[in-house]
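Before any comments, here is the structure.
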Amino acid sequence: MKKEEQFFSENLQEDLENLERYIEEYSLFLPLAVYSVNPVGIIVDVNQTGKELSKYQEIELIGQDIEIIFKNPKKIKKFFNQTLKKGSIKNREMILVTKNKKEIPVRASASIRQDQEGNIIGCFIALNDITEIKKFQTKLEDKVKQRTEELEKTKNKLAKTLEETKEAKRKVEGEKNKTSAIISNLVDPIIIIDQEDKINLYNPKAKEIFGFTKSSIGKKVKKKDNYSMENFKEILKKDYEIKKGKDMEPANPKEEELIIEHQGDKLTYKIITTKVYDSKKRCIGTMKTFSDLTREKRINRLKTEFVSIAAHQLRTPLSAIKWAIKMILEGDTGPINQDQREILTKGFESNERMIKLVNDMLNVSRIEEGRLQYNFAKTNFKEVYETVVGNVKSKIKEKNIKFNIKKPDKMPSVYMDKEKIRLVIQNLLENAVKYTPVNGTVTLEIQKQKKNLRIKAKDNGVGIPEKDQKKLFSKFFRAENVKKMQTDGTGLGLFIANNIIKKHGGEIHFKSEEGKGTEFYFYLPLNQTKK
Ligand code: ADP
């Protein structure tokens with residue numbers, strides 16, 4: 001060899017060694033597992049990462065079929081053959097199985113090695129550990145799945161809510177239809193005013209009676225007297241009469257009575273005005289409801305008229321009977337024997353009771369019609385109570401009742417209707433005697449007070465059961481205990497007495513305990529001079 005040639009050859013040798021070292025270091029440093037295989041698939045070399053990934057020693061790998069480190073031998077065979085055919089293949093996912101049987105997901109790329117003449121001398125197979133990517137991918141997939149599920153759920157919920165809303169809407173619609181059908185079909189008028197004081201709704205009956213028209217809707221109604229029907233006169237241009245309720249307190253449902261001519265009839269309506277609230281207790285307007293009192297009024301009038309006529313017709317024959325019996329009893333028609341006297345006396349008493357009943361009924365019907373006449377005059381009270389005591393004396397005696405009178409030395413004069421006050425005291429004293437057993441005690445007490453004269457009838461009789469006490473001044477009311485005693489009575493006396501005392505500007509009260517006794521007392525104003 002020439003000197004020159006030798007020099008080059010030595011230098012080439014050195015360069016080659018350097019290159020080999022460089023490649024080795026480079027491949028050591030690479031995080032890519034690289035397996036070099038021969039054309040039949042036998043591993044001939046492996047880098048550091050290749051050993052670490054498969055957990056095999058170099059010695060265990062070299063000479064082995066490449067299949068040894070893969071889960072699916074068929075798949076790697078195919079991959080290998082395709083590489084030989086195509087020259088290179090990139091990024092095929094496969095499962096590597098380590099020496100200790102752990103499965104690792106990898107991405108495989110391969111490329112053939114050729115000699116200078118182009119003959120295939122082998123192939124590099126590079127594996128990339130994609131465990132983390134896979135994990136991330138699975139996590140991502142899980143997340144996507146979870147999110148999809150959540151979305152699905154939300155979608156279902158939304159669909160359900162939508163369905164429910166539709167259903168609720170249908171229900172509301174149904175309720176609305178029902179309500180408006182009810183309002184429309186009501187036989188009595190109804191008017192609804194909104195929060196802005198405008199007429200918001202009226203039903204067909206209101207239209208018929210008051211002549212509402214479409215143009216009435218939206219018209220403003222004055223608030224005065226709780227939207228009194230008086231305020232509708234301007235809007236409706238209708239004639240009607242209005243009576244206002246007694247208890248016109250603000251905040252309370254207020255009452256009015258309205259009289260209107262309709263098709264030749266005079267109709268009477270009671271009107272109640274109430275606020276309308278929605279389900280959340282918010283005020284949404286005001287409603288005026290009308291109830292037809294026409295029939296009730298007519299019946300009441302007929303009833304009173306009937307009682308008044310019947311009582312009048314009864315009075316004359318009853319007083320004829322009274323005087324006839326009285327004459328016989330007093331011997332005007334000749335002497336009578338004891339038996340006849342007893343029978344006639346019973347007849348006389350029954351007739352008296354009948355007269356009282358008729359008088360009570362007449363008084364009640366007069367009170368109700370506002371026709372009970374009063375003759376007020378300043379009268380000494382002596383005149384009144386003495387007559388009454390005289391009238392009840394015989395009954396007191398019959399039952400052997402101890403009767404006391406407590407009175408002032410000088411009896412005052414009172415501005416009153418003496419006949420009516422007599423009626424009151426007589427009723428109280430008769431009750432005291434009637435509802436006190438034999439040998440009981442009844443006291444009449446007249447007391448002059450600063451402003452009033454107080455008259456009290458007190459007994460130690462059967463008393464009034466507590467549950468009956470609040471109804472005592474109502475018409476025809478009789479307490480349970482006296483009904484059982486079979487005492488006769490109408491339940492009208494106290495109703496009449498209460499009315500008479502009120503007319504005198506006084507008050508009537510009572511205290512009672514069942515089984516112990518009762519006291520009724522009333523006051524008459526002393527300084528009254530005129531009514
Ligand atoms: P009556 O004709 O039944 O006595 P009143 O109107 O005078 O009618 O009295 C009504 C009711 O009040 C009586 O039925 C009775 O139950 C009760 N009452 C009135 N006064 C007395 C009394 N002194 N003792 C017990 N109960 C009485």
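Indexing begins at 1, ligand by ligand and atom by atom, following the structure's order.
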request  = May I have the step-by-step check of side-chain hydrogen bond (donor to acceptor under 3.5 Å, both in side chains) for Tyr415 and Asn527, ending in yes or no?
outcome  = CA-CA 8 Å; Tyr415 189 73; Asn527 49 7; over 6 Å; no

Got a salt bridge between [X] and [Y], using NZ or NE/NH1/NH2 to carboxylate O under 4.0 Å?
{"X": "Lys322", "Y": "Glu352", "answer": "yes"}
{"X": "Lys483", "Y": "Glu480", "answer": "yes"}
{"X": "Arg454", "Y": "Glu445", "answer": "yes"}
{"X": "Glu150", "Y": "Arg147", "answer": "yes"}
{"X": "Arg353", "Y": "Asp488", "answer": "yes"}
{"X": "Lys243", "Y": "Glu256", "answer": "no"}
{"X": "Glu167", "Y": "Arg170", "answer": "yes"}

For [atom], find the nearest protein heavy atom and state the residue, atom name and distance (0.1 Å precision).
{"atom": "atom 19 (C) of ligand 1", "value": "Asn431 ND2, 3.5 Å"}
{"atom": "atom 27 (C) of ligand 1", "value": "Tyr435 CD1, 3.5 Å"}
{"atom": "atom 16 (O) of ligand 1", "value": "Ala479 N, 2.9 Å"}
{"atom": "atom 3 (O) of ligand 1", "value": "Arg478 NE, 2.6 Å"}
{"atom": "atom 5 (P) of ligand 1", "value": "Leu494 N, 3.7 Å"}

Under 4.0 Å, counting heavy atoms only: does [X] come that close to any atom of ligand 1?
{"X": "Gly461", "answer": "no"}
{"X": "Lys434", "answer": "yes"}
{"X": "Phe520", "answer": "yes"}

Show the atoms of ligand 1 that are less than 4.0 angstrom away from any heavy atom in [X].
{"X": "Asp459", "result": "22 (C), 23 (N)"}
{"X": "Thr490", "result": "1 (P), 2 (O), 3 (O)"}
{"X": "Leu472", "result": "12 (O)"}
{"X": "Asn427", "result": "7 (O)"}
{"X": "Phe477", "result": "10 (C), 11 (C)"}
{"X": "Val482", "result": "14 (O), 15 (C), 16 (O)"}

message = Could you check whether Glu519 and His509, counting side-chain N and O atoms only, form a donor-acceptor pair closer than 3.5 Å?
response =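 Distance-only check fails for His509 and Glu519.
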
Just to be sure I read this right, does ligand 1 sit under 4.0 Å from the backbone of [X], its side chain, both, or neither, counting only heavy atoms?
{"X": "Ile464", "result": "side chain"}
{"X": "Asn481", "result": "neither"}
{"X": "Leu492", "result": "backbone"}

inquiry  = Is the ring pair Phe210/Phe290 parallel, tilted or perpendicular, if the boundaries are 30 and 60 degrees?
reply    = tilted

key: Shortest non-hydrogen contact between Met416 and Phe381, atoms and distance   = CE-CD1, 3.7 Å

Check: Phe495 N/O within less than 3.5 Å of ligand 1 N/O =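 For ligand 1, there is no N or O atom that lies under 3.5 Å from one belonging to Phe495.
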
key: Heteroatom proximity flag, Asp488 to ligand 1, N/O under 3.5 Å   =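 Checking ligand 1 against Asp488, no N or O pair falls under 3.5 Å apart.
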
Determine all donor-acceptor pairs shorter than 3.5 Å in which one atom belongs to a side chain in residues 490-498; sequence neighbours excluded.
{"residue": "Thr490", "atom": "OG1", "partner": "Leu492", "partner atom": "N", "Å": "3.1"}

